[in-house]
Amino acid sequence: RLGIADMTVLDALAIAYGGGKESRELIERAYNISSDLGRVAKVVAENGLEGIKKFKVMVFEPIRPMLAERLSSPEEILEKLGGKCIAEYKYDGERVQAHKKGNEVALYSRRMERISDQYPDAVELVRRSVSAEEAILEAECVAVDIETNELLPFQELMHRRRKYGVEEAMEQYPVSLFMFDALYVDGRDLTLKAYPSRRTQLENVIKENDRVKPARQIKTGNLKELENFFEEAIEDGCEGLICKSVGTDSVYQAGARGWMWIKYKRDYKSEMTDTVDLVVVGAFYGRGKRAGTYGALLLATYNHESDTFETVTKLGTGFTDEDLKKLPELLRNHIVPRKHSRVESSLTADVWFEPKVVLEVLGAEITLSPIHVCAVDSIRKGSGLAIRFPRFTGKYRTDKKAEDATSSTEVVEMYRNQLKQIGAS
DNA sequence: TTTGTCTGCCCC
DNA sequence: ATTCTGC
DNA sequence: GCAGAATGGGCAGACAAA
């Protein structure tokens, strides 16, 4: 099916109708600013490159969002960005592209789905707080506590992704918009302007208020300053920072993950990383590339009081091909016909193991879980704890016995700790 | 009617 | 989202 | 370096089973 291999289709179009690398770039830009592969194909077939050159940024035609690379230290970031950058809060919400023409407003998701119906309140915020007649702006939509203006975790925002009961959810889970880019304003395409000038345009066009603000930012070339700003972002409930190039070439790279924007998140930093040692208690068969081996493992913490192993996450990324090949061998001797008596799990694995093998796992944070049973009921009735964005670090903890794995109590501590960090200011 | 399981050009 | 692997 | 393809948590919905 189409949509995933779209880059391949663009290649084919360039070869069939363009005949060179230059045409490929034109065709790709047409696609990136219209996100309409069908139309691009039709135009290039009927009118050739001349037709393609006429593609323009238009309100209510979503632009493919620019993405960011990742780096794990301020040093690397500043070096990559030529010594200085604009660092902005990376809010933990949903990315939204807001299109406005007069009173008409549409919101698009990162994958260019029209999500206006889910956010009538955000639509109204854009209508009221954007002074330009016509505009395409980007923002992070974040759940907030309306009393304290505190930012709430992504899980809260998820309640807004619904078809029914939108009005109720709107009252129960209010949102704020943190604007971070301007791609089009009153007839002017800004996508080929440098970021600082787009940001200035953005600030000129929004009428700031409690619920609509420009993303918090500083401009700096100082390591210490960058690091402090990062800590501040974490304390305010953000994921970290997005560091942006301020060079003349810092255009909006629609649909691309260039090095103009760089993500800096807490779990990328090796020093203060929340790594955890977990016991393999089950596995799931893989699909596609992983057919014939395990696709993911089921991992557990150790509960000292009950002497049981409680699932806390599945793990399916971070494995090299070599890891994937040797996992079945490594675990073969521990296979048991049904869930081991000392394992607590609400999930059903394809293969169960006696708790023996310990792996090191990296995660971003601890979340309340409806399916995992680690420390169930200890924070909230009926909820366990789980790991957000889990991945294998590559370390097999052969030095550890199952009972030496990270305990459920320790995970509870980690959860409490991250709440403390947010409330700290 | 309630409860469980699975899915999503899903969001991250 | 993260990560690894061909190209 | 980039695109593609594996995989994660978790929510509301859809639908099946009890």
Side-chain angles (χ1 to χ4, degrees), chain A residues 1-11 28 35-38 62 64-65 67-70 72 80 90-96 107-115 118-119 140-143 153-166 168-169 173 175 238-240 253 255-259 263 265 267-268 278 283-299 311-325 327 346-348 361-372 374 383-394:
Chain A
R1 191 167 82 250
L2 220 77
I4 293 297
D6 42 9
M7 286 305 155
T8 317
V9 175
L10 292 179
D11 275 333
E28 187 167 333
S35 62
D36 189 340
L37 197 54
R64 296 185 69 222
L67 304 174
E69 285 293 345
R70 287 174 313 189
S72 56
K80 197 83 181 180
K90 187 181 191 307
Y91 297 89
D92 193 9
E94 178 173 2
R95 185 172 183 171
V96 162
L107 304 179
Y108 300 91
S109 74
R110 184 181 138 146
R111 296 199 185 167
M112 293 160 301
E113 296 295 309
R114 204 171 178 286
I115 50 172
Q118 274 172 240
Y119 295 108
E140 193 78 8
C141 179
V142 186
F154 180 74
Q155 264 179 296
E156 296 295 317
L157 185 70
M158 292 275 277
H159 295 295
R160 294 293 302 272
R161 299 189 50 239
R162 59 169 65 221
K163 195 153 72 166
Y164 311 106
V166 170
E168 294 87 326
Y173 308 100
V175 297
C238 291
E239 290 187 280
Q253 300 182 300
R257 170 162 272 167
W259 287 94
K263 272 192 279 196
K265 290 170 69 167
D267 46 310
Y268 303 163
L278 302 174
F284 301 86
Y285 297 129
R287 296 200 270 249
K289 275 198 288 197
R290 301 209 181 158
T293 181
Y294 298 138
L297 304 178
L298 183 60
L299 303 185
T311 74
V312 69
T313 191
K314 289 203 284 176
L315 181 67
T317 191
F319 303 115
T320 62
D321 285 355
E322 195 190 337
D323 287 326
L324 288 170
K325 207 174 91 183
L327 274 174
S346 72
L347 294 172
T348 309
V361 174
L362 177 59
E365 62 181 351
I366 311 297
T367 58
L368 284 168
S369 172
I371 57 169
H372 289 291
C374 169
S383 291
L385 295 174
I387 297 174
R388 192 183 189 191
F389 307 147
R391 59 265 200 192
F392 181 44
T393 63

**Student:** Would you say A:Arg162 reaches D:dA12's phosphate, i.e. side-chain N/O to OP1/OP2 under 4.0 Å?
**Tutor:**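 The answer is yes; a side-chain N or O of A:Arg162 sits under 4.0 Å from OP1 or OP2.
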**Student:** Classify the nucleic acid contact of A:Leu324 as base, sugar-phosphate or nothing, counting any heavy atom under 4.0 Å across all strands shown.
**Tutor:**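 Nothing, no heavy atom under 4.0 Å.
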**Student:** Calculate the interatomic distance between A:Arg388 atom CZ and D:dT7 atom C1'; express it in whole Å.
**Tutor:**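 Rounded to whole Å, this separation is 16 Å.
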**Student:** Determine which nucleotide pairs with D:dA12, using a 3.5 Å limit on both distances of a Watson-Crick or G-U wobble pair.
**Tutor:**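 With both distances under 3.5 Å, D:dA12 matches B:dT7.
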**Student:** Would you confirm whether A:Arg391, through its side chain, and A:Phe389, through its main-chain N or O, come within 3.5 Å as a donor-acceptor pair?
**Tutor:**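 Checked: pair present.
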**Student:** Heavy atoms from C-beta onward define the side chain here; which of B:dC12, C:dC4, D:dG1 lies closest to that of A:Glu94?
**Tutor:**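 Shortest atom-to-atom distance from the side chain points to B:dC12.
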**Student:** Answer yes or no: side-chain N or O of A:Arg161 and base N or O of B:dC10 forming a donor-acceptor pair under 3.5 Å.
**Tutor:**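 Looking at the base of B:dC10, it does pair with a donor or acceptor on the side chain of A:Arg161 (distance under 3.5 Å).
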**Student:** According to a strict under-4.0 Å criterion, is A:Lys289 in side-chain N/O contact with OP1 or OP2 of C:dC4?
**Tutor:**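 Result: no.
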**Student:** Taking only N and O in the side chain of A:Gln155, is any of them less than 4.0 Å away from OP1 or OP2 of B:dC12?
**Tutor:**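 Negative; the distance criterion is not met.
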**Student:** Whole angstrom is fine here: how far is it from CG in A:Leu297 over to P in C:dT3?
**Tutor:**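 From A:Leu297 CG to C:dT3 P: 16 Å.
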**Student:** Taking only the P atom of each, what is the distance from B:dC6 to D:dT7 in whole angstrom?
**Tutor:**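 16 Å, rounded to whole Å.
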**Student:** Take the protein atom CZ of A:Phe154 and the nucleotide atom C1' of D:dG10, then report the distance between them rounded to whole Å.
**Tutor:**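 From A:Phe154 CZ to D:dG10 C1': 9 Å.
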**Student:** Using atom C1' of each nucleotide, how far apart are D:dG4 and B:dC9 to the nearest Å?
**Tutor:**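 Their C1' atoms lie roughly 16 Å apart.
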**Student:** When you measure from the side chain of A:Arg160 to the backbone of A:Tyr173, do you find a donor-acceptor pair of N or O atoms at a distance under 3.5 Å?
**Tutor:**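 Yes.
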**Student:** To the nearest Å, how far apart are A:Phe389 CZ and D:dG10 P?
**Tutor:**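 Taking atom P of D:dG10 as the reference, CZ of A:Phe389 is at 11 Å.
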**Student:** Please report the distance, rounded to the nearest Å, between CH2 in A:Trp259 and C1' in D:dC2.
**Tutor:**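 So the CH2-C1' distance, A:Trp259 to D:dC2, works out to 11 Å.
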**Student:** Ignoring backbone atoms, establish whether A:Lys163 has a side-chain N or O less than 4.0 Å from OP1 or OP2 of D:dA12.
**Tutor:**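 No, outside the criterion.
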**Student:** Under 4.0 Å between a side-chain N or O of A:Thr313 and OP1 or OP2 of D:dG9?
**Tutor:**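 A:Thr313 to D:dG9 OP1/OP2: side-chain N or O found under 4.0 Å.
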**Student:** So, does the side chain of A:Thr317 form a donor-acceptor pair with the base of C:dT2 at under 3.5 Å?
**Tutor:**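 Under the 3.5 Å cut-off, the side chain and the base do form a donor-acceptor pair.
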**Student:** Let me know the distance between CZ of A:Arg111 and P of B:dC12, rounded to the nearest Å.
**Tutor:**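 My rounded result for the distance is 8 Å.
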**Student:** Once you apply a heavy-atom cut-off of 4.0 Å, does A:Gly363 come out as touching a base, just sugar-phosphate, or nothing?
**Tutor:**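 If one applies the 4.0 Å heavy-atom cut-off, A:Gly363 turns out to touch nothing in the nucleic acid.
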**Student:** With both distances under 3.5 angstrom, what nucleotide forms a Watson-Crick or G-U wobble pair with C:dT2?
**Tutor:**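 Answer to the pairing question: D:dA6, which forms a Watson-Crick or G-U pair with C:dT2.
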**Student:** A:Arg160 CZ to D:dG13 C1': how many Å, rounded?
**Tutor:**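 Whole-Å distance recorded here is 18 Å.
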**Student:** Using a 4.0 Å heavy-atom cut-off across all strands, classify A:Asp321 as base, sugar-phosphate, or nothing.
**Tutor:**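 Sugar-phosphate, no base atom in range.
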**Student:** Heavy atoms only, 4.0 Å cut-off, all strands: where does A:Ile387 land among base, sugar-phosphate and nothing?
**Tutor:**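 Sugar-phosphate: the residue A:Ile387, judged by heavy atoms under 4.0 Å, touches backbone atoms but no base.
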**Student:** Using only side-chain N and O atoms of A:Ser109, determine if any of them is under 4.0 Å from OP1 or OP2 of B:dC12.
**Tutor:**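 Checking A:Ser109 against B:dC12: no side-chain N or O falls below 4.0 Å of OP1 or OP2.
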**Student:** Establish, with yes or no, whether the OP1 or OP2 oxygen of C:dT3 is under 4.0 angstrom from a side-chain nitrogen or oxygen of A:Arg70.
**Tutor:**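 Yes.
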**Student:** Parallel, tilted or perpendicular: which describes the rings of A:Phe319 and A:Phe392, with under 30° parallel and over 60° perpendicular?
**Tutor:**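 Answer is tilted, since the angle falls between 30° and 60°.
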**Student:** Of all the nucleotides listed (C:dT2, D:dC11, D:dT7), which has the minimum atom distance to the side chain of A:Arg290?
**Tutor:**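 For A:Arg290, the side-chain atoms sit closest to D:dT7.
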**Student:** Answer with base, sugar-phosphate or nothing: what part of the nucleic acid does A:Glu69 contact at a heavy-atom distance below 4.0 Å?
**Tutor:**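 Here A:Glu69 touches the backbone only, sparing every base.
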**Student:** Within a strict 4.5 Å, meaning less than it, do heavy atoms of the A:Glu94 and A:Ser109 side chains meet?
**Tutor:**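 Sidechains of A:Ser109 and A:Glu94: in contact.
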**Student:** Counting side-chain heavy atoms from CB outward, which of D:dG4, C:dC4, D:dG10 is closest to A:Ser369?
**Tutor:**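 It is D:dG10.
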**Student:** Which part of the nucleic acid does A:Tyr164 contact within heavy-atom distance under 4.0 Å: base, sugar-phosphate only, or nothing?
**Tutor:**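 Since only primed, P, OP1 and OP2 atoms lie under 4.0 Å of A:Tyr164, the category is sugar-phosphate.
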**Student:** Hey, does A:Gly286 reach any base, or is it just sugar-phosphate, or nothing, if we go heavy atoms under 4.0 Å?
**Tutor:**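 Sugar-phosphate contact only.
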**Student:** Using OP1 and OP2 only, check whether a side-chain N or O of A:Thr367 sits under 4.0 Å from D:dG9.
**Tutor:**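 Answer is no, no contact under 4.0 Å.
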**Student:** Quick one: is A:Tyr91 getting a side-chain N or O under 4.0 Å of the B:dC12 phosphate, OP1 or OP2?
**Tutor:**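 The answer is no; no side-chain N or O of A:Tyr91 sits under 4.0 Å from OP1 or OP2.
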**Student:** What I want to check is whether the side chains of A:Thr320 and A:Asp323 have a donor and an acceptor closer together than 3.5 Å.
**Tutor:**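 Yes.
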**Student:** Between A:Tyr285 (OH) and D:dT7 (P), how many Å, whole number?
**Tutor:**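 About 15 Å, once rounded to whole Å.
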**Student:** Check whether A:Thr367 reaches the backbone of A:Ser369 with its side chain - one donor and one acceptor, N or O, closer than 3.5 Å.
**Tutor:**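 A pair under 3.5 Å: no.
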**Student:** Would you say A:Thr293's side chain and A:Leu324's backbone share a donor-acceptor pair under 3.5 angstrom?
**Tutor:**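 Checked: pair present.
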